[in-house]
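First the structure, in the form of structure tokens, and then the observations on it.
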Amino acid sequence: MALQEPLLHVDSFASKASTARSSQTVVKDESLNFCAFETLITQREKESVFTFYFKEQQNIKEIEVLELVIKRLMYHTEKMGEKPAEHQVIVRLRNLTVELAQIQRKLNNLPVLELLLAELLEVKGLLPLPTVQNVKNYLWAMENALDTTIKIAEMEDLDSPDEQDPNEQDMTERRHSTEEDDEQGEEKKERKEGKTEKGDLERKSSVTESSAPDTEEGELPVSDGDENEDYQDMMNPRDLQKQYSVKQLKQQLREIGLPVQVGPKKETADDLAKRLADALNSRAINTVHDFFDKWWRWKKTKTLPEAEVEPMRKLCEGVAECMTSRLEAALFKFNDYPMCKWFGGLVQSSLENHHFGVLEEWQLYFDESSSEDTTWMSLAEMVDILEKVRLIDETCLGYADRKFISAVAEIHAKVLPSFVLKLTRMKAIMAAQVLTTNQARNQALAMAVTAAIAVMQLLSHFLANKFGFVH
């Protein structure tokens with residue numbers, strides 16, 4: 001069997017593997033404690049010949065399966081040592097559990113997967129492991145905290161999200177209420193815009209006229225408070241034309257890197273004002289989503305105009321503080337789970353380093369078919385995806401909690417090698433039982449042949465004495 005590639009891939013067989021699993025979880029199965037495998041080995045060693053004699057063919061088949069399991073365990077353990085990053089180790093561990101779920105169907109008396117998961121429960125740095133409900137609530141709380149519809153101007157006065165209860169059973173009502181609040185907010189906004197639409201131009205005009213004498217040539221008007229909020233949201237060509245002369249409009253266009261036509265085809269004041277309004281509106285950063293879009297063009301695609309870089313740079317610290325504080329508030333109760341604390345720490349560290357890729361509308365995907373025992377591993381898969389598509393700062397991956405790093409290292413440095421040793425012992429016991437069975441059968445045949453010969457001799461002696469046969 002070639003060992004270069006995994007037998008099964010998680011994406012293709014995850015759902016099948018989970019359905020093959022028992023509905024009993026390792027935590028609830030008291031028989032699968034930390035010494036379950038040792039107990040099973042001891043029981044197997046004490047079996048009498050009459051117990052395993054009739055299981056010879058089954059033992060032979062299971063020995064072959066165990067050899068494959070041991071090879072796969074050694075392969076994955078070696079690969080974990082080559083790439084010891086926490087998320088890579090856990091992702092490979094999940095691949096291994098999927099393989100074992102398929103292979104275990106060939107093992108009638110040895111629940112390999114359950115025994116391995118029971119061994120993992122002895123790694124103290126991983127406990128407690130989040131349940132399916134915990135992971136669902138955690139991902140929903142994180143998605144709610146990283147809300148990209150938040151307005152930049154409202155970040156400082158924004159209330160922190162409510163702490164999410166890890167064990168809340170029904171999220172339907174809360175999500176529904178959140179959606180209703182969003183819809184009501186949009187309706188209020190539309191009604192407000194409808195009522196004030198008629199007076200907007202007058203208010204903007206009065207603001208620009210009052211600020212025009214105080215502004216120097218080439219500067220945009222800025223006023224304090226909420227009265228200029230609508231003006232900042234959308235620039236109007238009429239207002240710009242009233243505020244600036246043709247010369248000033250041309251100067252503003254040149255400052256933001258736009259060409260100005262000269263000569264017989266020169267533009268009118270209306271054309272200049274419209275172009276300037278369109279340019280300023282396209283540069284506006286009203287929400288966190290707008291901020292992320294420009295950050296992506298700045299850092300990833302390198303297409304953001306140089307004139308827009310500095311405004312972006314000034315907003316980075318504020319957006320990072322807002323998002324990290326929201327995450328801390330929403331996920332506070334999940335800090336009891338090392339796996340959740342590690343995942344949230346990576347996201348927060350990435351934001352603090354001004355890497356805002358985690359604000360991408362990436363799917364916090366949860367596999368509903370995941371079993372209770374392996375759901376926590378899906379968080380590591382998400383980190384692996386974020387790293388591959390560069391939505392997270394890679395430098396943050398090495399700054400996890402020391403206890404968690406040690407716990408993950410223990411998986412491939414201690415748990416798996418120890419498990420391989422136990423499987424090898426079990427295989428040796430089964431091989432010895434097969435050998436003992438063969439020996440017992442050979443001895444029985446030899447005794448039967450010996451007895452047959454003795455009977456023949458007695459019979460011939462009896463006939464000779466009875467009928468006078470001579471030897």
Side-chain angles (χ1 to χ4, degrees), residues 6-34 36-37 69 72-73 75-77 79-80 83 85-105 107 110-139 166-167 334 337-343 363-386 404 407-412 414-416 418-420 423:
L7 293 176
L8 305 172
H9 196 273
V10 173
D11 294 338
S12 303
F13 295 92
S15 59
K16 295 182 181 179
S18 60
T19 55
R21 292 292 314 280
S22 170
S23 59
Q24 294 285 338
T25 65
V26 174
V27 179
K28 297 179 181 179
D29 193 346
E30 297 179 356
S31 65
L32 293 177
N33 51 33
F34 74 98
F37 209 162
V69 171
R72 299 309 300 169
L73 281 166
Y75 168 79
H76 285 291
T77 303
K79 293 300 180 182
M80 288 178 185
K83 296 182 178 180
E86 290 72 41
H87 65 287
Q88 293 172 330
V89 170
I90 298 175
V91 167
R92 187 161 289 279
L93 178 64
R94 188 165 192 269
N95 291 346
L96 175 60
T97 60
V98 173
E99 290 186 20
L100 293 182
Q102 299 295 317
I103 297 174
Q104 185 168 286
R105 297 177 180 180
L107 295 170
L110 188 61
V112 178
L113 182 55
E114 281 77 6
L115 291 169
L116 175 58
L117 294 173
E119 297 278 336
L120 290 174
L121 290 179
E122 290 308 301
V123 183
K124 301 299 182 183
L126 294 177
L127 303 180
L129 293 174
T131 63
V132 173
Q133 191 64 50
N134 295 153
V135 175
K136 283 182 178 180
N137 294 345
Y138 180 77
L139 295 178
N167 298 311
F334 290 90
Y337 301 92
M339 195 71 192
C340 296
K341 184 178 180 181
W342 165 73
F343 184 84
Q363 302 247 347
L364 289 167
Y365 174 71
F366 176 75
D367 187 2
E368 294 287 346
S369 64
S370 298
S371 67
E372 183 75 26
D373 304 329
T374 59
T375 301
W376 58 277
M377 301 179 188
S378 61
L379 295 177
E381 288 186 312
M382 293 180 191
V383 174
D384 190 53
I385 294 173
L386 290 175
F404 183 80
V408 175
E410 188 176 340
I411 293 175
H412 64 87
K414 180 180 177 181
V415 175
L416 292 182
S418 175
F419 194 68
V420 169
L423 286 176

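This structure is a prediction, so every number in the text was calculated from the model and none was measured.
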Student check: side-chain heavy atoms of [X] and [Y] closer than 4.5 Å:
X: Leu113; Y: Leu117; result: yes
X: Leu100; Y: Leu116; result: yes
X: Val383; Y: Glu86; result: no
X: Phe404; Y: Leu126; result: yes
X: Thr375; Y: Pro130; result: no
X: Lys414; Y: Val123; result: no
X: Cys340; Y: Asn134; result: no
X: Val132; Y: Lys136; result: yes

Interatomic distance, [X] atom [atom1] to [Y] atom [atom2] [nearest 0.5 angstrom]:
X: Leu379; Y: Ile90; atom1: CG; atom2: CD1; value: 8.5 Å
X: Met80; Y: Ile411; atom1: CE; atom2: CD1; value: 7.0 Å
X: Leu386; Y: Glu381; atom1: CG; atom2: CD; value: 12.0 Å
X: Lys79; Y: Leu96; atom1: NZ; atom2: CG; value: 14.5 Å
X: Glu119; Y: Glu122; atom1: CD; atom2: CD; value: 7.5 Å

Decide side chain to side chain contact (heavy atoms under 4.5 Å, CB included) for Tyr138 and Tyr337; before the verdict, give the C-alpha distance in whole Å, the side-chain angles of both, and the deciding distance to 0.1 Å. CA-CA 11 Å; Tyr138 180 77; Tyr337 301 92; over 6 Å; no
Do Asn95 and Glu99 have side-chain N/O donor and acceptor atoms under 3.5 Å apart?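 Note: Asn95 and Glu99 side chains miss the donor-acceptor criterion.
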Begin from the C-alpha positions of Phe343 and Met339 and carry the test side chain to side chain contact (heavy atoms under 4.5 Å, CB included) through to its verdict. CA-CA 6 Å; Phe343 184 84; Met339 195 71 192; over 6 Å; no
Please check if the side chain of Gln133 supplies one atom and the backbone of Asn167 the other of a donor-acceptor pair under 3.5 Å.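 No, Gln133 side chain to Asn167 backbone: no donor-acceptor pair under 3.5 Å.
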Is there a side chain to side chain contact (heavy atoms under 4.5 Å, CB included) between Leu120 and Leu93 once you walk through the steps? CA-CA 11 Å; Leu120 290 174; Leu93 178 64; 3.8 Å; yes
Please assess Ile103 against Val112 for the test side chain to side chain contact (heavy atoms under 4.5 Å, CB included), listing each intermediate value before the final yes or no. CA-CA 9 Å; Ile103 297 174; Val112 178; over 6 Å; no
Restricting to non-hydrogen atoms, name the atom on Pro128 and the atom on Pro338 that form the minimum distance, rounded to 0.1 Å.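 Closest approach of Pro128 to Pro338: O-CD, 3.6 Å.
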